[in-house]
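Working notes, structure below.
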Amino acid sequence: MATFLYRLGRFSFRRRRLVLMLWIAVLAVVGIGAAGASSSTSDSFAIPGTQSQKALDLLEKEFPQASADGATARVVFEAPDGQKLTSTAHKTEVESLVADLGKADQVASVADPYTSGTVSKDGTIAYASVTYKVAEADMSDAARADLEDVAQQGERAGLAVSMGGNAVSEEPHQSATELVGIVIAAVVMVITFGSLVAAGLPLLTALFGVGTAIAGITVASAAIDLSSNTSTLALMLGLAVAIDYALFIVSRYRGELKEGRAPEEAVGRALGTAGSAVVFAGLTVVIALAGLSVIGIKVLSDIGIGAAFAVVVAVVIALTLLPAMLGFAGPRVSAGKLKTRRMRAIESGGREPMGVRWSKFVLRNPVKVLGVSVAGLLLLAIPALSLQLGMPGDESATPGSTQRTAYDTVTDGFGAGYNGPLTVVVDARDSDDPKAAANDAVTLLEGLPDVASVSPATFNQTGDVALIRAVPGSSPTSEKTVDLVSEIRDRGPTLQDDTGAELMVTGTTALNIDISGKLNDALIPYLCVVVGLALVLLMLVFRSILVPIKAAAGFLLSVLATLGVVVAVFQWGWLADLFGVAQTGPIVSVLPIFLIGVVFGLAMDYQVFLVTRMREEYVHGAEPREAVVAGFRHGARVVTAAAVIMISVFAGFIFSDTAMIKSIGLGLAAAVLFDAFVVRMTIVPAVMALLGRRAWSLPGWLDRLLPNVDVEGEKLRHVLDDAPEGASEPEPVPSGRG
C-alpha cells in the first residue's frame, strides 16, 4: 500500500491541474444535484421484533382507518388571557379550524377536542389530535402547508396556536457558533506551521471534501428516506477528520522538504508514510461507523453510513487533492514567516519541544502519572453508572419553538402524560369473550398507579381486537412511564391466562421505550466487538500484544469518562446553564453506541500517529525509553494540534438548538480531550516506561501468522533510500506548472 500511495502522491503532484479539475467537476455535479433535489428526512424510529411494533402491525391490519403508522400532529389552542375556549365565539372558531384540519391533504382523522374530552378543566386550553394516512417521511408539502395555514388562521382569530408531534418535527440547522470551531482550527494550524499557506491547505481541502460529502448525502436523500440528523453529523465528523488527515500529511511533507528532497519526491514519501497511516485510521473510523447499521435501527444506520461516507471522502481528498494543492503551493509551504522565536529555536535544536519535556517527565514518574490519570478518568466515569436512555421528543425541542410551546401548554392544561398517551391493544381473536377481555383490560389499567385516564375500548369490525388509550400521569420520558409500560406488559400474561386475550402496548412512547431498551442491550456487545476489532487491528500495526491491550484499555477509559460527563450535564444538570441545556432528562439512546464507534476511530488515529514512530525508533535500535521520547519529538506537536482542532470543531456543535446534536457535540469534544491528552499523551508513555522491551514482544508463531501491513511505510523508505542516486528523485517541477 505504501508503494501505491507513493506513486499516487507523485502522480497527483505532477498532474495537479487535472486532479483539481476532476474534483471541481465532481463538486459541481453533486452540487447541482443537491440544489435540485427534494430531500426526504425523518426522525421516526421503528424496530422489528418488539411488542410495540407487533401491535402497530396488528392495528394496521385491523384498524386501517386509524393509520397506526401514520404521522401525527397535536394542534394546541389556548384562549386569550381572561377568556375561555368554551365560550360560544371561541368554540365556533376552534370547531371551524378542526373541520379545516379534517379536509387537509393526507389527513386520515381529526379528534375534535369538544367531543373527545381534550379541553382543560378551566376551559382555557384544548388540543386536536391529527392522524395522517402516510408516515412522516411521505408527507407532502401540501399537507404541511395546510397544517401551517390552520395555525395561522387561529392566530388571526386571536387564539394562541402551537403544534407538536412528528408531523411538525424540527429540522436541524447549522448555527453561526459552529463556525467558531473552524476559526479556532485555522489559528491552531497557523501556530503549528507558522505559515498561512501550510495552515490554509488543510482547511481548504477539508471544506472542499465536506461540501462534496454533504451534497452527495443531499442527493441521496432525494431517493431514500434519511434521518434529519445525517447531514449534520456527517458535517461534524467529516470536517474534523478531514482537517486532521490533511494536517498529518502536510506536516510529514514539510519534514521531507526539510531533509532536502525535491517537492515531488517529498509528496510521494509523505503519502507513502503518513498517507498509509491516514488510510488505516480512516478505515477504522469507517468500519466502526458502518458497523452501527448491524444493530437494526434505521436512524442509527443513517447517521453511521452518512458519517462513514464523509470520512471516506476526507481520506480520498487527502490522498489526491491535497498533493495536487501542495504542487500549486510549492516551497511556500515551508516558508514560515509567522514562526515565533520559540519555534525557530526548536527547529534549530536550541530548545526542546514541550512534547519531549512532557514525555521525559512522565518517564521519570510513570507510576504516579499513571495512577493519577486512571483515577481521574474513573472519577469522571461515576455518573455513567446512572445512565438513562431515551428518545428525543417535543420536550427537548428548542425553547420557543412551536413543538416545545405545544408540549408545555399541554402539560400546563392536562399534565405531562397527555403528551405521550399509551396505545393498548387487546388481541382477543383467541378469546371466548372478546368484550369481557377488553373490559378486564380497562379495569386492569385503571387500577395501576401513575395512570391519569383510560378511554373505553374501541373494537374493530369483527369485534375481536380492541383499542384502548391510557394516559400516564408522568412525562413520556420519565422513569415512572417506563415502569408503567413494563408493569402493563408484566400483567399481560395473567390476562391472557384468564381470558385468552393478548395485551400489548404501543404508540410513540412505547416505541421509544422499546428502542431505548434495544440500544441499551446492544451497548455491551457492540463495545466488545469494537474492542476486539481494536485489538486485531493494532496487533497488525504494532506487531505486539501488550500495546494493543493497553490501547484498548485506554479507549474504554475514554468512553466511560465521556459518558460520565454527558450524564452529569444532560441528565443531572451540572453546568446546564453554561452549555445551554434548557431541559434535563434521559440521554439520547443513539448517543452511547454512536460515541463508541466514533471514539474508537479517533483513538486509533492518535495511537497510530504517535506510537508508530516509537515502534520505528525501537526497531532501528533505540532503547524503549528513547523510542518514547523520539515518538513525542516527531508526533506530539501534530497530535496536539489535531486534537485541539477536533475539540474545537466538535465543541462548536454544543450550542446547536437540537438536543441530540448538542449532546453528541459535547460527547465527542470530551472524548477527544480525554483520549488525546490523558490516554495517548499521558497514560501511553507511562505504561510504555513500565513495560520496557516487553511492550514490543510478540510470539514467533503469531509474528509469522500476522501479515505485515507496514502502516508507516518503513519498507518503502528502505527501498527508496537504497535505490541508485537520482532513481527516485525526479527533477523538481516549478510551482504552478503541470
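Only a predicted model underlies this, so the values are computations on that prediction, with no experimental measurement involved.
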Restricting to salt bridge (charged side-chain N to carboxylate O under 4.0 Å, His left out), what partner residues turn up for [X], sequence neighbours left out?
{"X": "Asp100", "value": "none"}
{"X": "Glu93", "value": "none"}
{"X": "Lys54", "value": "Glu502"}
{"X": "Asp408", "value": "Arg404"}

Let me confirm one number: the [atom1]-[atom2] distance from [X] to [Y], rounded to the nearest 0.5 Å.
{"X": "Leu560", "Y": "Ile382", "atom1": "CG", "atom2": "CD1", "value": "11.5 Å"}
{"X": "Gln153", "Y": "Leu97", "atom1": "CD", "atom2": "CG", "value": "6.0 Å"}
{"X": "Glu78", "Y": "Ser162", "atom1": "CD", "atom2": "OG", "value": "7.5 Å"}
{"X": "Leu59", "Y": "Thr423", "atom1": "CG", "atom2": "OG1", "value": "7.0 Å"}
{"X": "Phe570", "Y": "Leu666", "atom1": "CZ", "atom2": "CG", "value": "5.0 Å"}
{"X": "Phe459", "Y": "Glu62", "atom1": "CZ", "atom2": "CD", "value": "12.5 Å"}

Residues forming a ring-ring contact (aromatic ring centres under 6.0 Å, His included) with Phe594, sequence neighbours excluded: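 Phe594: no ring-ring contact (aromatic ring centres under 6.0 Å, His included) contacts found.
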Please name all residues satisfying ring-ring contact (aromatic ring centres under 6.0 Å, His included) with Tyr127, sequence neighbours left out, ordered by chain then number.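 With neighbours one apart ignored, the set is Phe414.
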Using a 4.5 Å cut-off on heavy atoms from C-beta on, say whether the side chain of [Y] contacts that of [X].
{"X": "Val107", "Y": "Lys133", "value": "no"}
{"X": "Thr88", "Y": "Lys91", "value": "no"}
{"X": "Leu147", "Y": "Val75", "value": "yes"}
{"X": "Leu523", "Y": "Leu527", "value": "no"}
{"X": "Glu446", "Y": "Val451", "value": "no"}
{"X": "Tyr114", "Y": "Val98", "value": "no"}
{"X": "Leu237", "Y": "Leu289", "value": "yes"}
{"X": "Pro383", "Y": "Gln571", "value": "no"}

Donor-acceptor contact present, side-chain [X] to main-chain [Y], <3.5 Å:
{"X": "Arg144", "Y": "Val168", "result": "no"}
{"X": "Arg489", "Y": "Val505", "result": "yes"}
{"X": "Thr86", "Y": "Gly123", "result": "no"}
{"X": "Asn166", "Y": "Thr72", "result": "yes"}
{"X": "Asn512", "Y": "Ser516", "result": "no"}
{"X": "Thr481", "Y": "Thr477", "result": "no"}
{"X": "Gln83", "Y": "His90", "result": "no"}
{"X": "Ser52", "Y": "Thr506", "result": "no"}

Which heavy-atom pair separates [X] from [Y] by the least distance, and what is that distance?
{"X": "Gln106", "Y": "Ser140", "result": "OE1-N, 2.8 Å"}
{"X": "Arg74", "Y": "Asn419", "result": "NH2-O, 3.2 Å"}
{"X": "Ser453", "Y": "Tyr418", "result": "OG-OH, 3.5 Å"}
{"X": "Pro586", "Y": "Leu389", "result": "CB-C, 3.7 Å"}
{"X": "Gly306", "Y": "Ile217", "result": "O-CD1, 3.8 Å"}
{"X": "Asp514", "Y": "Thr50", "result": "OD2-CB, 3.7 Å"}

* Please walk me through it: do Phe63 and Val425 pass side-chain contact (heavy atoms from CB on, under 4.5 Å)? -> CA-CA 11 Å; Phe63 292 87; Val425 180; over 6 Å; no
Which ring-ring contact (aromatic ring centres under 6.0 Å, His included) pairs, counting each pair once, include a residue from residues 484-526, with sequence neighbours left out?
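Listed once each, the pairs would be none.
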ask   = For Asp432, does the CG atom have more than 12 heavy-atom neighbours from other residues, nucleotides or ligands under 6.0 Å away?
value =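 No - once you tally the heavy atoms of other residues, nucleotides and ligands closer than 6.0 Å, there are 12 at most.
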### Query
Any chance CG of Asp521 has more than 12 other-residue heavy atoms, nucleotides or ligands included, within less than 6.0 Å?
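Yes.
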Q.
Please determine whether side-chain contact (heavy atoms from CB on, under 4.5 Å) holds for the pair Ile287 and Phe600, giving the CA-CA distance in whole Å, both sets of side-chain angles, and the decisive distance to 0.1 Å.
A. CA-CA 10 Å; Ile287 291 174; Phe600 165 68; 5.8 Å; no
Counterpart residues, side-chain hydrogen bond (donor to acceptor under 3.5 Å, both in side chains), relative to [X] (two or more places apart):
{"X": "Thr402", "result": "none"}
{"X": "Ser120", "result": "Asp122"}
{"X": "Thr118", "result": "Ser116"}
{"X": "Asp112", "result": "none"}

**Q.** Verdict with supporting geometry, Ser663 and Ile587, side-chain contact (heavy atoms from CB on, under 4.5 Å)
**A.** CA-CA 8 Å; Ser663 60; Ile587 305 303; 5.6 Å; no
**Item:** Contact list for residues 492-501, test side-chain hydrogen bond (donor to acceptor under 3.5 Å, both in side chains), sequence neighbours left out
**Value:**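 Not a single pair qualifies under side-chain hydrogen bond (donor to acceptor under 3.5 Å, both in side chains).
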*Begin from the C-alpha positions of Met163 and Val130 and carry the test side-chain contact (heavy atoms from CB on, under 4.5 Å) through to its verdict.*
CA-CA 10 Å; Met163 299 177 294; Val130 185; over 6 Å; no
